[in-house]
Each structure stands twice: as C-alpha cells, then as structure tokens.
Amino acid sequence: MAIQQGLTNSFKQEMLSGAQNLPFDTLYIALFTALADLGPQTTIYTPTNEVVGDGYVAGGSTLSGVTISTQTTGPAAGTVYVNFDNISWPGANFVARGALIYNWTMGFASIAVLDFGSDKVFTSTNNTVTMPANTATTALIRFP
C-alpha cells in the first residue's frame with residue numbers, strides 16, 4: 001500500500017469530457033493514514049484507512065476558495081491552474097500521511113491525491129493542510 005501524489009486518471013478524463021465543474025461542485029478533502037492505497041488509480045472516495053481521531057469527521061471537510069486562473073505571460077504562459085483555500089481541523093488529535101480531494105457532487109469522484117511525505121501529527125495548534133502557492137508552476141492542479 002502506498003500514497004502516490006498527483007491527479008487521478010478518472011479526474012483527467014472527467015475534466016476533458018466536461019463532467020466536473022470545480023468552481024460550482026462541492027469538493028471535499030479527506031485525510032488518510034499511511035496504510036491507505038491512493039494514487040492515479042483511485043476513482044472515488046472510500047473510508048478505507050481514513051484518519052480517526054478528535055476533531056476529524058469521516059469524509060473530511062469541505063474545500064472552499066476554488067479559483068481557476070490562467071498564466072498569460074512568461075515560460076508558463078497558457079497554463080491553467082486551480083487553487084483552494086488552506087483547510088484546518090480545530091481540536092485535532094490524529095496522524096495523517098496523505099489526503100484525497102474529491103467531488104461530492106459527482107458521487108465522491110476522485111480529483112487528486114496528496115502525499116505529505118511523512119506522517120503529519122495534527123494537534124489543536126498544528127492542524128492545517130497548506131495548499132501550494134497559487135501559481136502556474138506550483139498549484140496543486142495544473143494543465144500546461
């Protein structure tokens with residue numbers, strides 16, 4: 001079992017077919033332990049090996065602040081990218097190794113997998129998943 005960061009294959013297909021509408025759909029982020037098997041093959045959210053602990057509810061939390069931008073100048077010109085607000089879990093007391101961003105509106109369809117690189121201890125004072133900078137070269141979702 002492993003967590004492999006990146007966009008899921010099903011999400012790429014759904015974007016090209018127009019099935020997912022990120023700014024208007026309800027998106028969630030769910031946290032998982034190191035025992036999770038998440039990666040390009042993940043098609044939907046399931047609670048298998050999801051985090052359990054104080055301050056966390058199964059299914060995760062709603063993502064907000066979805067913005068879609070296009071780089072108009074420089075070497076990354078033409079890259080379309082998506083950003084989300086950071087997300088936190090007040091009162092947290094659990095450990096997570098990665099996350100799954102998924103589309104609740106689309107029947108829990110997977111979007112992207114995050115690999116934290118190592119176990120992250122969430123506490124009442126250390127409880128935030130910080131999204132990458134909102135740029136054409138660093139955003140979590142990018143279409144060059």
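Below, all heavy atoms of this structure are taken into account, side chains as well, without hydrogens, waters or symmetry copies. For this chain, numbers begin at 1 and follow the sequence in order. What you are looking at is a predicted structure, and each value in this text was computed from that prediction instead of being measured.
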> Is F84 close to I101 at the side-chain level, that is, under 4.5 Å between some pair of heavy atoms?
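Side chain of I101 against side chain of F84, heavy atoms only: contact under 4.5 Å found.
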> Does K120 reach the main-chain N or O of T128 with its side chain, forming a donor-acceptor pair under 3.5 Å?
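Yes, because the side chain of K120 sits within donor-acceptor range (under 3.5 Å) of the backbone of T128.
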> Drop me the distance from L63's CG to N83's CG, to the nearest 0.5 angstrom.
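The CG atom of N83 is 10.5 Å from CG of L63, to the nearest 0.5 Å.
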> Would you call N134 and Y81 a side-chain contact if the rule is heavy atoms closer than 4.5 Å?
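Heavy-atom side-chain distance check passes, below 4.5 Å.
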> Measure across G39 and V113 and return the closest heavy-atom pair with its distance rounded to 0.1 Å.
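Answer, listing the atom of G39 first, then V113: N-CG2, 3.7 Å.
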> Which heavy atom in A136 sits nearest to a heavy atom in R142, and how many Å separate them?
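Heavy atoms of A136 and R142 come nearest at O-CD, 2.9 Å.
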> Indicate yes or no for a side-chain donor-acceptor contact from T123 to the backbone of T125 under 3.5 Å, with no hydrogens or angles considered.
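Side chain of T123 to backbone of T125, a donor-acceptor pair under 3.5 Å: yes, one is there.
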> Given 3.5 Å as the limit, does a donor-acceptor pair link the side chain of T138 with the main chain of P132, or not?
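No; judged by distance alone, with no hydrogens or angles, the pair does not exist.
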> Main chain of L35, side chain of T33: is a donor-acceptor contact present, judged purely on distance under 3.5 Å?
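Judged by distance alone, yes, a pair lies under 3.5 Å.
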> So I68 and F143, do their side chains get closer than 4.5 Å, heavy atoms only?
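When only atoms from C-beta onward are counted, I68 and F143 do not touch, as no gap falls below 4.5 Å.
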> Kindly give the heavy-atom pair with the smallest separation between E50 and V57, and that separation in Å.
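Looking at all heavy atoms of both residues, the shortest contact is OE2-O, 4.3 Å.
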> Tell me whether the rings of W89 and F94 are parallel (<30°), tilted (30 to 60°) or perpendicular (>60°).
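Correct class here is perpendicular.
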> Enter the distance from N93:CG to F122:CZ here, rounded to the nearest 0.5 Å.
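Spacing of CG (N93) from CZ (F122) equals 12.0 Å.
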> Enumerate, atom names and distances included, each donor-acceptor pair closer than 3.5 Å involving a side-chain atom of residues 103-112, sequence neighbours excluded.
| from | atom 1 | to | atom 2 | distance (Å) |
| --- | --- | --- | --- | --- |
| N103 | OD1 | T105 | N | 3.0 |
| N103 | OD1 | M106 | N | 3.1 |
| N103 | ND2 | Q20 | OE1 | 2.9 |
| N103 | ND2 | D25 | OD2 | 2.8 |
| T105 | OG1 | T26 | N | 2.8 |
| S110 | OG | T8 | OG1 | 2.9 |
| S110 | OG | S10 | OG | 3.2 |
| S110 | OG | T42 | O | 2.6 |
| S110 | OG | T43 | O | 3.2 |

> Going from CG on L31 to CG on N49, what distance comes out if it is rounded to the nearest 0.5 angstrom?
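Separation between the atoms: 13.0 Å.
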> Strictly distance-based, threshold 3.5 Å: is any side-chain N or O of Q71 a donor or acceptor partner for the main-chain N or O of T135?
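Checking the backbone N and O of T135 against the side chain of Q71, no donor-acceptor pair under 3.5 Å is found.
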> Does L16 sit in a hydrophobic cluster with other residues, and if so which ones, taking ILVMFWY side chains as linked at heavy-atom separations under 4.5 Å, directly or through other members?
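Hydrophobic cluster check, L16: no partners found.
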> Return the minimal non-hydrogen interatomic distance between T79 and P144, and the atom names on each side.
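Smallest interatomic distance, heavy atoms only, reads OG1-CA, 3.6 Å.
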> So which heavy atom on N127 is nearest to which on P90, and how close?
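Looks like ND2-CA, 3.6 Å.
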> What closest approach, in Å, do L7 and L140 show between heavy atoms, and which atom pair accounts for it?
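L7 and L140 have their closest heavy atoms at CD2-O, 4.5 Å.
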> Using a side-chain heavy atom cutoff under 4.5 Å and only I, L, V, M, F, W and Y, what cluster partners does V121 have?
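V121 clusters with V95.
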> If hydrophobic clusters are built from ILVMFWY residues whose side chains come within less than 4.5 Å, do Y56 and I3 share one?
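The answer is no; the residues belong to distinct hydrophobic clusters.
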> Determine whether a donor-acceptor pair (N or O, by modelled atom type, separation under 3.5 Å) exists between the side chain of N86 and the backbone of M131.
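Side chain of N86 to backbone of M131: a pair is present.
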> Indicate yes or no for a side-chain donor-acceptor contact from Y28 to the backbone of Y45 under 3.5 Å, with no hydrogens or angles considered.
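No; zero donor-acceptor contacts below 3.5 Å.
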